[in-house]
Amino acid sequence: MSFKATKIKRDKIFQLIVEQIQEAILRGELKPQDRLPSEMKLSQMFSASRSSVREALRILEQKGLISIKRGALGGAVVRRMDTTQVTEGFTLLLKYKHVRFDQMAEFREVLEGGLTALAAQRVDDTALARLKSILQKAREVLDHSKEDWRAFYDQDIAFHVELAKITKNPVFTSVLCMLHQDILGADDKFAVYDHELMKQNYTDLANIITALEKKDSQEASRLAREHVRRFNGYMKAQEEMFAPPDPNQGQQVAIAEQND
């Protein structure tokens, strides 16, 4: 561990401690699983109070940069960077309606249409083989396990994530993993239960592979957008079905009846 602290003599000391440790993590001076010095040692390194160090560590933990274990053998440990914190925040936005479903649908259509076009330009035989393998597993579910919607859904998720990987852009891969695995894949109300819809889903994915084989970016993008648009409609209906009843609706009906 090559991390060195700079002594601080300004206001809001805890924020400056956060900045220094965060930068050390981003530069690789502090690596995953590295243990930070004790609170007492950090306070000496930064010439800061232990309360300022404690507040800085709390903020770093909230950001997902470190984990803090309590007890005699505890302490602050640098975490491996992943999408967990972003996913949790994004899920809360969806749950509390700060992001509307139509906004999410629009985001998915533009994102997946664009990355599928890019995948068509960068795909190779190895990547095509992986996609066809995923599609074959989905076909086997349709043929032999018609009621096993979860097995089919898992293959659908794997297909979308693999498309993102083909772009060789880690930003696309991270966002698609977050979207399909951690958000849509974690909520059963967004799954496709109907066998006919699963068959349509399979056909969509097969057509996308055909466009990729031809390296036809425009057609691949069109197919991906249509696929997302179709199943966004289905997911919207599922969301409305699972939505809790509006407590004001009964009152509105009662008022309307009184007025009549």
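Here the structure is a predicted model, which means the values were calculated and not measured.
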For [X] and [Y], which heavy atoms make the closest approach, and how far apart are they?
X	Y	answer
F152	M198	CZ-O, 3.2 Å
C177	V161	SG-CG1, 3.6 Å
D156	H227	OD1-NE2, 4.1 Å
T116	A220	CG2-O, 3.5 Å
A48	I13	CB-CG2, 3.6 Å
P37	M45	CG-SD, 3.9 Å

[atom2] on [Y] to [atom1] on [X], rounded to 0.5 Å:
X	Y	atom1	atom2	result
H160	L131	NE2	CG	11.0 Å
I166	L118	CD1	CG	10.5 Å
D216	Q121	CG	CD	10.5 Å
I21	L26	CD1	CG	12.0 Å
H195	N201	NE2	CG	12.0 Å
E112	L163	CD	CG	8.0 Å

Query raised in the report: Is it true that R58 and E61 have a side-chain N and a carboxylate O under 4.0 angstrom from each other?
Result: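 No, R58 and E61 are not salt-bridged.
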Query - Ionic contact status for E226 with R229, cut-off 4.0 Å - result: no
Is it the case that more than 12 heavy atoms not belonging to [X] sit under 6.0 Å from its [atom1] atom?
X	atom1	result
Q218	CD	no
E106	CD	no
K215	NZ	yes
D102	CG	yes
K41	NZ	no

Query raised in the report: Is there a path from I208 to L179 through hydrophobic residues (I, L, V, M, F, W, Y) whose side chains come within less than 4.5 Å of each other?
Result: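 Hydrophobic grouping puts I208 with L179.
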Requested in this report: Answer yes if V110 and M178 sit in the same cluster of Ile, Leu, Val, Met, Phe, Trp and Tyr residues linked by side chain heavy atoms under 4.5 Å apart, and no otherwise.
Outcome: no
Kindly say whether [Y] contributes a backbone atom to a donor-acceptor pair with the side chain of [X] at under 3.5 angstrom?
X	Y	answer
R122	T167	yes
S221	G113	yes
K214	A211	no

Query raised in the report: Out of V77, D34, L60, which one pairs with I66 under the side-chain contact (heavy atoms from CB on, under 4.5 Å) rule?
Result: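 Answer to the side-chain contact (heavy atoms from CB on, under 4.5 Å) test with I66 among V77, D34, L60: L60.
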Within the structure provided, determine whether [X] and [Y] are in side-chain contact (heavy-atom separation under 4.5 Å).
X	Y	value
I59	K63	yes
I209	F159	yes
R150	D148	yes

Requested in this report: Begin with the C-alpha distance, continue with both residues' side-chain angles, and end with the deciding distance and a verdict on side chain to side chain contact (heavy atoms under 4.5 Å, CB included) for K199 and E196.
Outcome: CA-CA 5 Å; K199 287 168 62 176; E196 290 303 313; 3.6 Å; yes
Requested in this report: In sequence, state the C-alpha distance, the side-chain angles, and the governing distance for R139 and L142, and then conclude on side chain to side chain contact (heavy atoms under 4.5 Å, CB included).
Outcome: CA-CA 5 Å; R139 179 78 261 175; L142 286 177; 3.8 Å; yes
Requested in this report: Any chance you could lay out the side chain to side chain contact (heavy atoms under 4.5 Å, CB included) test for V228 and L111, step after step, and finish with the verdict?
Outcome: CA-CA 10 Å; V228 171; L111 173 68; over 6 Å; no
Report task. Mind running side chain to side chain contact (heavy atoms under 4.5 Å, CB included) on L42 and L57 for me, showing each step along the way? Result -> CA-CA 10 Å; L42 285 171; L57 294 177; 4.2 Å; yes
